[in-house]
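Basis for what follows: all heavy atoms, side chains included, without hydrogens, waters or symmetry-related copies. Predicted model only: the values in this text are computed from it and were never measured.
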Amino acid sequence: MDINCPPLATKPEALTLRYGADAIPAAGPWNEHIALLLSHRSVRGFRPDALPEGTLETMVAAAQSAATSSNMQTWSVVAVDDPAVRAEFARIAGGQKHIEQCPLFLLWLADLSRNERVAAAQGAELEALPYLETFVVAAIDAALAAQNAVVAAESLGLSTVYIGAMRNDPARVAELLKLPAGVVGVFGLCVGYAASGVTNEVKPRLPQEAILHRGTYGAVDEPAMVASYDAKLDGFSSRYEASATTWSGRVINRMGRIKAMAGRDRLSEILKGLGFPLR
C-alpha cells in the first residue's frame, strides 16, 4: 500500500460498513487488497493539488492489465485537460462541478476504430464489427480497464467518482474529443485528492443473499431484504446526501420515468450515428 493511504478498516469494520451489522456475510479469507476494495466510496469534491508525476501512466498500466475479450483491447482513454472542454462536460452531466475541479479527468471509450484501421491496413474486412455483440465487448472492456485504474488510484490514496452522465450527449462528447467513427465515450472518471470536509463514507449495499444465487435464480424473502436495505440507505442518505431516499424509491425515480434518462433513451440511435450499426 502507498504510504499516503489512510489505515484500512479491519475485516469486521469493513464488512459492517458495507453491509450493516445485521447482514455481515460468512467469514472468509482476508487481506489488504480485499480491505481496499471494500473501502471504495465515490467522492464528489476534490482539491486542485497536482498528482504525483507518472500517476496517469501507472493507472493506465493497471487498466491495460485488466482482462480484455480475446485480447482485442477494444477500448481507449482520453485525459482531458482543457478547462473549456471540462466545463462543457460538466454542463452535459447536469452541472457536476467536480469534473472541473479534479486534477485528472478521464473519458473512457469503447473503441472499435483501432481494430478497423489494423484490418484496413492489411486489406481485410471485419465482418463482426457492425454487430451489437462487438459493441458490448468494447463497452465491457472499457469498464474492466477503468475499474482496474480506480483500484490503482485508491491504492495510492486518491479518490474517484465515475461520471455515467457523459452518455447524456455522446455525440457532443465525440465532437469535443474529435472521436473517429466507431468510438464512443461510455463514462468519465474524476481522480484526485478529496477536498477537506467532503463526505465520502462507504455506502451500504444490498445483502449478499439478495444478489448471490446458488444453483438457480431466486432470492429468499426478497421483500424483507429490500425493506431492511431501504431503511439503511434512508439513514445513509439522510446523513450524507442532499435528500433522504430509500433504495426502492431511488430505483423507481430513476427507472420509472423516461425523463430521468436525461437523453439516454436515444442512445441506440446516437450510437448508430457514431458508427455502431448494432445489428
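- Side chains of Val186 and Val184 form a contact here, defined as non-hydrogen atoms less than 4.5 Å apart.
- With Thr55 contributing its side chain and Leu51 its backbone, the two residues share no donor-acceptor pair below 3.5 Å.
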Task: Derivation of the side chain to side chain contact (heavy atoms under 4.5 Å, CB included) call for Val198 and Val43 - done: CA-CA 7 Å; Val198 171; Val43 169; 4.0 Å; yes
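- If you run side chain to side chain contact (heavy atoms under 4.5 Å, CB included) between Val78 and each of Val85, Leu109, Leu106, Val173, only Leu109 comes through.
- Within the 4.5 Å cutoff, no side-chain heavy atoms of Lys203 are placed close to those of Arg41.
- Put simply, CH2 on Trp75 and CH2 on Trp108 are 5.0 Å apart, with the number rounded to the nearest 0.5 Å.
- Note that CH2 of Trp247 and CZ of Phe236 are 16.0 Å apart. Values are rounded to the nearest 0.5 Å.
- Using a 4.5 Å cut-off between side-chain heavy atoms of Ile, Leu, Val, Met, Phe, Trp and Tyr, with links allowed through other members, Ile258 and Leu267 fall into different hydrophobic clusters.
- When side chains are defined from C-beta on, Arg250 does not count as touching Ser248, because their heavy atoms never get closer than 4.5 Å.
- In terms of modelled atom types and a separation under 3.5 Å, the side chain of Arg86 and the main chain of Cys102 share a donor-acceptor contact.
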Open item on the list: For Gln73 and Gln64: C-alpha separation, side-chain torsions, deciding distance, then whether side chain to side chain contact (heavy atoms under 4.5 Å, CB included) applies.
Closed with: CA-CA 8 Å; Gln73 303 180 66; Gln64 289 191 278; 4.3 Å; yes
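- Smallest separation of non-hydrogen atoms from Ala139 and Ala110: N-CB, 4.0 Å.
- Residues Pro170 and Leu271 form no side-chain contact, since every pair of their non-hydrogen atoms from C-beta on lies 4.5 Å or further apart.
- The neighbour count for Glu222 CD, taken as heavy atoms of other residues, nucleotides or ligands under 6.0 Å away, does not exceed 12.
- Using a 4.5 Å cut-off on side-chain heavy atoms (C-beta onward), Val137 and Thr74 make contact.
- We find the CZ-CE distance between Phe187 and Met166 to be 12.0 Å, quoted to the nearest 0.5 Å.
- Across all their heavy atoms, Ala61 and Ser65 have their closest contact at O-OG, 2.9 Å.
- Qualifying side chain to side chain donor-acceptor pair (under 3.5 Å) partners for Glu269, counting only residues two or more places apart in sequence or in other chains: Arg266.
- The minimum heavy-atom distance linking Arg117 with Pro180 is given by the pair NH1-CG, 4.3 Å.
- Lys259 and Asp265 are not joined by a salt bridge, as no carboxylate oxygen comes within less than 4.0 angstrom of a charged side-chain nitrogen.
- For the residue pair Ile270 and Ala171, the shortest heavy atom distance occurs at CG2-N, 4.0 Å.
- For the residue pair Glu13 and Thr16, no side-chain donor N or O sits within less than 3.5 Å of a side-chain acceptor on the partner.
- The two residues Ala181 and Ser113 come nearest to each other via the heavy atoms O-CB, 3.5 Å.
- Residues Val220 and Glu209 have side chains not in contact (no heavy-atom distance under 4.5 Å, counting atoms from C-beta outward).
- In terms of heavy-atom proximity, Asp22 sits nearest to Tyr19 at OD1-O, 4.2 Å.
- In terms of hydrophobic clustering, with Ile, Leu, Val, Met, Phe, Trp and Tyr side chains grouped at heavy-atom distances under 4.5 Å, Val118 and Val183 are assigned to different clusters.
- In this structure a side-chain-to-backbone donor-acceptor pair under 3.5 Å is present from Thr134 to Ala128.
- With hydrophobic clusters built from ILVMFWY side chains whose heavy atoms lie under 4.5 angstrom apart, Leu233 does not share a cluster with Val202.
- By the 4.0 Å N-to-carboxylate-O rule, Arg172 lies close enough to Glu88 to be salt-bridged with it.
- Without hydrogens or angle criteria, Thr246 side chain to Asp230 main chain gives no donor-acceptor distance under 3.5 Å.
- Residue His98 forms a side chain to side chain donor-acceptor pair (under 3.5 Å) with just one option from Gln101, Gln96, Glu100, and that option is Gln96.
- Checked by atom type and distance alone, the side chain of Thr160 never pairs as donor or acceptor with a backbone atom of Val150 at under 3.5 Å.
- No donor-acceptor distance shorter than 3.5 angstrom exists from the side chain of Lys232 to the backbone of Arg205, with no hydrogens or angles considered.
- Put simply, Leu126 and Val136 are part of the same group of oily side chains (I, L, V, M, F, W, Y) that touch within less than 4.5 Å, one to the next.
- At distances below 3.5 Å, not a single donor-acceptor pair connects side-chain atoms of Arg91 with backbone N or O atoms of Ala87.
- A distance-only check finds a donor-acceptor pair linking the side chain of Asn115 to the backbone of Met72 [under 3.5 Å].
- Residues Asp49 and Pro103 form no side-chain contact, since every pair of their non-hydrogen atoms from C-beta on lies 4.5 Å or further apart.
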Open item on the list: Determine whether Leu144 and Thr68 satisfy the following criterion, side chain to side chain contact (heavy atoms under 4.5 Å, CB included), listing intermediate values before the conclusion.
Closed with: CA-CA 8 Å; Leu144 293 173; Thr68 168; over 6 Å; no
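- A distance of 11.0 Å separates CZ of Phe89 from SG of Cys190, quoted to the nearest 0.5 Å.
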Open item on the list: Could you go through Ser69 and Ile140, starting from their C-alpha distance and side-chain angles, then the distance that decides it, and tell me whether this counts as side chain to side chain contact (heavy atoms under 4.5 Å, CB included)?
Closed with: CA-CA 9 Å; Ser69 181; Ile140 292 172; over 6 Å; no
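- Linking ILVMFWY residues whenever their side-chain heavy atoms come closer than 4.5 Å, directly or via other members, places Met255 and Val226 in the same cluster.
- Atoms CZ and CG, from Arg279 and Leu129 in turn, are 9.5 Å apart once rounded to the nearest 0.5 Å.
- For the pair Asn168 (side chain) and Ile92 (backbone), a donor-acceptor distance under 3.5 Å is present.
- Considering only heavy atoms from C-beta on, Arg18 stays 4.5 Å or farther from Pro204 through its side chain.
- The structure places CE of Met59 at 5.5 Å from CG of Leu189, a figure rounded to the nearest 0.5 Å.
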